Amino acid sequence: QVQLVESGGGLVQAGGSLKLSCAASGRTFSSYAMGWFRQAPGKEREFVAAISWSGATTHYADSLKGRFTISRDNAKNTVYLQMNSLKPEDTAVYYCAAGRYSTPSYSTSNYNYWGQGTQVTVSS
């Protein structure tokens with residue numbers, strides 16, 4: 001069983017920054033891809049970013065490229081999401097997910113463990 005615990009969410013003004021963290025335990029963290037997804041009220045969960053087991057490959061939602069950066073520290077079993085130039089439409093619950101495979105994926109079906117989520121609210 002894998003446990004994922006997100007932190008770093010909160011309230012920020014538009015244009016501000018936040019850095020989310022996700023601490024993992026329960027299996028060999030460095031062997032698997034990790035991802036971030038988000039879900040706004042009344043909307044489906046959507047892909048944000050993903051990173052391969054080594055950190056060498058990253059994928060981003062097209063609309064977020066240039067503002068968000070995913071990274072990982074395998075020595076700390078932690079994945080991060082740096083969010084800059086935040087907009088009110090970035091308001092959502094952000095979820096960390098552990099992949100089934102070593103390569104990153106856009107699809108929720110390729111992730112088999114999920115954190116409880118952390119709320120990010122961007123005020124205008």
Side-chain angles (χ1 to χ4, degrees):
Q1 190 72 11
V2 175
Q3 293 79 42
L4 301 173
V5 180
E6 300 102 333
S7 60
L11 175 63
V12 64
Q13 288 188 332
S17 298
L18 282 175
K19 186 173 184 178
L20 306 183
S21 299
C22 172
S25 62
R27 73 175 181 184
T28 306
F29 176 79
S30 59
S31 296
Y32 299 91
M34 297 293 294
W36 286 98
F37 292 77
R38 68 185 184 184
Q39 188 166 18
K43 296 187 176 181
E44 293 188 352
R45 191 168 298 189
E46 65 174 356
F47 172 77
V48 173
I51 189 166
S52 64
W53 68 276
S54 66
T57 303
T58 56
H59 294 323
Y60 295 93
D62 287 343
S63 62
L64 302 177
K65 286 180 181 177
R67 294 196 298 123
F68 288 17
T69 303
I70 189 171
S71 61
R72 66 190 296 162
D73 185 338
N74 286 343
K76 295 182 178 180
N77 287 359
T78 302
V79 63
Y80 305 97
L81 184 68
Q82 177 69 47
M83 305 184 294
N84 298 328
S85 302
L86 284 162
K87 305 174 181 180
E89 50 265 42
D90 294 319
T91 295
V93 177
Y94 284 70
Y95 296 92
C96 169
R100 299 179 186 272
Y101 314 109
S102 61
T103 53
S105 172
Y106 301 91
S107 173
T108 56
S109 64
N110 286 328
Y111 296 85
N112 52 355
Y113 295 100
W114 295 82
Q116 82 288 351
T118 185
Q119 177 71 47
V120 171
T121 303
V122 184
S123 63
S124 57

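Here the structure is a predicted model, which means the values were calculated and not measured.
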* Structure fact -> Rounded to the nearest 0.5 Å, the CG atom of Asp73 sits from the CZ atom of Phe29 at a distance of 8.0 Å

* To do: Begin from the C-alpha positions of Ser107 and Ser109 and carry the test side-chain hydrogen bond (donor to acceptor under 3.5 Å, both in side chains) through to its verdict.
  => CA-CA 5 Å; Ser107 173; Ser109 64; 2.7 Å; yes

* Tell me, with the steps shown, if Glu6 and Leu20 meet side chain to side chain contact (heavy atoms under 4.5 Å, CB included). => CA-CA 7 Å; Glu6 300 102 333; Leu20 306 183; over 6 Å; no

* Structure fact -> Between Asn77 and Asn74, the two heavy atoms sitting closest are OD1-O, 3.1 Å

* Asked: Going from OG1 on Thr57 to CD1 on Ile51, what distance comes out if it is rounded to the nearest 0.5 angstrom?
  -> 8.5 Å

* Rounded distance [0.5 Å steps], CD in Gln39 versus CD in Glu46 -> 9.5 Å

* **Gap separating the CH2 atom of Trp36 from the OH atom of Tyr60, nearest 0.5 angstrom** => 12.5 Å

* Asked: Where do His59 and Pro104 come nearest, in terms of heavy atoms and distance?
  -> CD2-CG, 3.5 Å

* To do: Please report the closest heavy-atom contact between Tyr101 and Asn110, naming both atoms and the distance.
  => CE1-OD1, 3.6 Å

* Following the transitive rule for hydrophobic clusters with a side-chain heavy-atom cut-off under 4.5 Å over Ile, Leu, Val, Met, Phe, Trp and Tyr, establish whether Leu18 and Leu4 coincide in one cluster. => yes

* Within 45° cone and under 6.0 Å: Arg27 NZ/CZ vs Tyr113 ring -> no

* Asked: Applying the 4.5 Å side-chain criterion to the ILVMFWY set and letting contacts propagate, would Val48 and Val122 be lumped into a single cluster?
  -> yes

* **Inter-residue atom distance Gln119.CD - Thr91.OG1, 0.5 Å rounding** => 7.0 Å

* Could you point out which residue of Tyr106, Tyr95, Trp114, Tyr94 forms a ring pair (Phe, Tyr, Trp, His ring centres under 6.0 Å) with Phe37? => Trp114

* What is the minimum heavy-atom distance between Met34 and Cys96, and which atoms define it? -> CE-SG, 3.5 Å

* Evaluation steps, side chain to side chain contact (heavy atoms under 4.5 Å, CB included), between Leu64 and Asp90 -> CA-CA 9 Å; Leu64 302 177; Asp90 294 319; 4.0 Å; yes

* **Nearest-0.5 Å distance that lies between atom CD1 in Ile70 and atom CD in Gln82** => 12.0 Å

* Asked: Under a single-linkage definition using a 4.5 Å side-chain heavy-atom cutoff for Ile, Leu, Val, Met, Phe, Trp and Tyr, are Val12 and Phe68 assigned to the same hydrophobic cluster?
  -> yes

* Grab the two heavy atoms, one from Asn84 and one from Ser17, that are nearest each other, plus how far apart they are. => OD1-OG, 3.0 Å

* Using the rule that two of Ile, Leu, Val, Met, Phe, Trp, Tyr join whenever any of their side-chain heavy atoms come within less than 4.5 Å, decide whether Trp53 and Val2 are in one cluster. => no

* To do: Compare every heavy atom of Pro88 with every heavy atom of Ser124, then report the nearest pair and how far apart it is.
  => CB-CG, 3.9 Å

